[in-house]
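Accompanying notes for the structure given below.
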Number of protein chains: 2
Amino acid sequence: MVATIKDVAKRAGLSQATVSRALNKSGYVSQETLARVEQAAAELGYQPNWMARGLHGKSSNLIGLLVPEVMSLYDNSVIQYMTEKLHAHNYGLMLCIHNERADLDLKYLQLLHEKRVAGIIYTHPLNGDNSELVHQLAEHLPIIELNRRREAGLLDAVLADNIQGARQITRYLLGLGHRRIALIMGEDELTTGQNRLHGYQLALTEAGLPADRRLIRIGSFSRQHGEAAMHDLLDEDVAPTAILAGSNRILMGVLKTLTARNIHIPVDLSVAAFNDTEWLQIWNPPITTVDIAVEEMAHWAVDLLLKRISVPDVKPTPREYLLGTSLIIRESCRAV
Amino acid sequence: MVATIKDVAKRAGLSQATVSRALNKSGYVSQETLARVEQAAAELGYQPNWMARGLHGKSSNLIGLLVPEVMSLYDNSVIQYMTEKLHAHNYGLMLCIHNERADLDLKYLQLLHEKRVAGIIYTHPLNGDNSELVHQLAEHLPIIELNRRREAGLLDAVLADNIQGARQITRYLLGLGHRRIALIMGEDELTTGQNRLHGYQLALTEAGLPADRRLIRIGSFSRQHGEAAMHDLLDEDVAPTAILAGSNRILMGVLKTLTARNIHIPVDLSVAAFNDTEWLQIWNPPITTVDIAVEEMAHWAVDLLLKRISVPDVKPTPREYLLGTSLIIRESCRAV
DNA sequence: TTGAAAGCGATACCAG
DNA sequence: CTGGTATCGCTTTCAA
């Protein structure tokens, strides 16, 4: 059996209460007692049982992170940073991956509830939503929307400024002289897709260019869509001179098609993307992209969440952090 | 406040004990009572507080997954599959990422202990080890080594058969007529590196080829090493005709160098790798690689762990699952 | 078949 | 400064 506070108390010749106070540095304990307790605890390899702790109506010291998948540098950084930061505050991270499926999402929300997580950092699944349960949960614990906005009136959120990002990279392409810039985008049911589309259109409008509907291909954030849309675009009467791939997956499809059709970047076609991933740097040529400040994102999400946890407020005014994007210029776009 | 079993009992006009039995389907409960309890629970949106549950000396219903990072298709699949399978058994997954740092690893092991996880699925950090704590923990809970073997006499393990994998792909290259096959490998302190090296040498020996030391570049599993080693190899008097990149990161370095030096795959040089990732398929040309059965791996790890948890045995005979690898032939290697 | 009551491990209040 | 004790939510005997 694992050592309990009783064992420590016995070994130190003190009461549980004193041991508890000593270990938590709450209340008054003499130097000598503290030393005795610490030694006893060390000898027994004592680690407080956190379930018993949490039972006292206090927080579970667990945070739920519910995300679509964990495949990119982005995901890795988010998780990595969050685990570190949370651990520093003695929280654990319970990870759930819903894979864009609403049914799994629902299950995981329930699981997180049962586990009495102190809060949830949440990226909605693309399709379907469990807003009923989300609303219900939100009454008991803070939920922070990460990257995808859906409950603007109710929940806090930490978001990437996708409008700016899209505008920024579109402007860059316009600046290079491109006039026929195609956008291949995923689902527009959530803010990510909507905003990137919006930013793109904004930049075009600002440049006094008409929005050509045939240059905009909205489908899913998948390789398949990227591949097919790219083929389509190349088959148009007037092919675009630059492609904006709405995500890494879409980009993969785009690249696949270009390779298949023996089209060279950037001489034949300029290509730019959203989000940065390791392989974008080593691609030949390296791909220009607009990236979000992942670490900051994780930082604010955790920060905000811990704040909400420490100062419980039944009906707080939702806060929203919008994180800047940065254009990473590499070699996949040329001037025309 | 969230509903407790008391509230349910009150609402159903029964005692806590009865409600508990009804909800857990343990002991005798009449049909009618069961229905009343279930209705009351549903009305209140009751979810058992699992900390209180775990307090009874029972399992915490939490599993710790301690891994180096989460960046590849491999990691994603492992986590994805594990969360699903664990959730089916009503377990949660607590994820920790040590990032190959022994100090973080230590912290996370302690955290997992404190959280009283029911078991740990563990991939050691490359450098340094915390075997003392691991040994200590192993006395209280099952730990399964995933992918990297270190405590063969003590812990269970689920491993990829890297010897076979390396042998397989080396043979493939030999079959294509290659005689100067270079291996760029990462740290050989853990089994992954050791076994891949071993399998490579095995295949060469079987083919009656001498091991040329200058063709073997052992360093770290990093892009930098891949990049530098590739440069080195090309500067040798007799350059290799095929390259075996010991990991995805190493492969990235290799590809970077080849691009920089304008060397074309596979006409100038054949390239093969270990582990599959999405971008390998869309590379031009698509990269041949030897892959492991990730889903099976996750399956066995969870299976074994749950078995160990349900049948606690202070000193079980360690079991080891060795998972087969499969050669994925694409277009990056040519016959000479 | 049901209810009362004793813990599980830690915290926190109240006396001393 | 320290020790007893009620308490958290639930499971689990033991009686009824």
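Reminder, nothing fancy here: chain letters follow the sequence lines and each chain counts from 1. Keep in mind that what you see is a predicted model, and the values were worked out from it rather than measured.
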Practice task
By nearest nucleotide on DNA chain C, pick out whichever of Ala52(B) and Tyr28(B) is the more 5' one.
Solution key: Tyr28(B)
Handout entry: Euclidean distance, atom CE of residue Met51(B) to atom P of dT11(C) [Å, nearest integer]
Key = 13 Å
Handout entry: Proximal nucleotide (of dC8(D), dC10(D), dT2(C)) relative to the Val29(B) side chain
Key = dT2(C)
Handout entry: Short N-O contact, Arg36(A) and Glu43(A), less than 4.0 angstrom
Key = no
Practice task
State whether a side-chain donor-acceptor pair under 3.5 Å links His299(A) with Tyr81(A).
Solution key: yes
Exercise for the section: Please state how far atom CD in Gln47(A) lies from atom P in dG9(C), giving the value in whole angstrom units. Expected result: 15 Å
Problem - Arg53(B) side chain near dC10(D) phosphate (N/O to OP1/OP2, under 4.0 Å) - result: no
Exercise for the section: Mind checking Ser30(B) for me? I need base, sugar-phosphate or nothing, with any heavy atom below 4.0 Å counting as a touch. Expected result: sugar-phosphate
Handout entry: Under-4.0 Å side-chain N/O to phosphate OP1/OP2 contact, Thr18(A) with dG3(D)
Key = yes
Completion exercise
Rounded to whole Å, the NZ-P distance (Lys25(A) to dA12(C)) equals 15 Å
Problem - Earlier contact from the 5' end, DNA chain C, for Gly13(B) and Leu23(A) - result: Gly13(B)
Practice task
Among dT11(C), dG3(D), dC1(D), find the nucleotide with the atom closest to the side chain of Thr33(A).
Solution key: dC1(D)
Completion exercise
Per atom distances to the Leu55(A) side chain, the nearest of dC10(D), dT11(C), dG9(D) is dG9(D)
Practice task
Can you tell me the distance, in whole Å, between the CD1 atom of Ile5(B) and the P atom of dA5(C)?
Solution key: 17 Å
Practice task
Look at Glu114(A) together with Arg53(B) and state whether they make a salt bridge at an N to O cut-off of under 4.0 Å.
Solution key: yes
Problem - Interatomic distance, Asn49(A) CG vs dC8(C) P [rounded to whole Å] - result: 12 Å
Handout entry: Ser20(B) side-chain N/O to dT11(D) phosphate OP1/OP2 under 4.0 Å
Key = yes
Practice task
Measure the CE-NZ distance between Met94(A) and Lys115(B) for me, rounded to the nearest 0.5 Å.
Solution key: 12.5 Å
Problem - Nucleotide dG9(D), atom P - distance to CG of Leu44(B) in whole Å - result: 14 Å
Handout entry: hbond_proxy Arg21(B) side chain to dG3(C) base (donor-acceptor, 3.5 Å cutoff)
Key = yes
Exercise for the section: Please tell me which of the listed nucleotides, dA12(C), dG9(C), dA10(C), lies nearest to the side chain of Ala17(A)? Expected result: dA12(C)
Problem - side-chain N/O Asn24(A) vs dA10(C) OP1/OP2, d < 4.0 Å - result: no
Fill in the blank from the handout: When rounded to whole Å, the CD to P distance for the pair Glu114(A) and dC10(D) reads 11 Å
Exercise for the section: Could you check how far CG of Asp7(B) sits from C1' of dC10(D), rounded to whole Å? Expected result: 13 Å
Problem - Given DNA chain D, 5'-ward residue of the pair Gln31(A) and Gln16(A), judged by closest heavy atom - result: Gln31(A)
Problem - Check: Thr18(B) side chain, Leu14(B) main-chain N or O, donor-acceptor pair, under 3.5 Å - result: no
Exercise for the section: Please determine if a side-chain N or O atom of Thr4(B) lies less than 4.0 Å away from the OP1 or OP2 oxygen of dG9(D). Expected result: no
Handout entry: Pairing of Lys25(A) and Glu38(A) as salt bridge, 4.0 angstrom limit
Key = yes
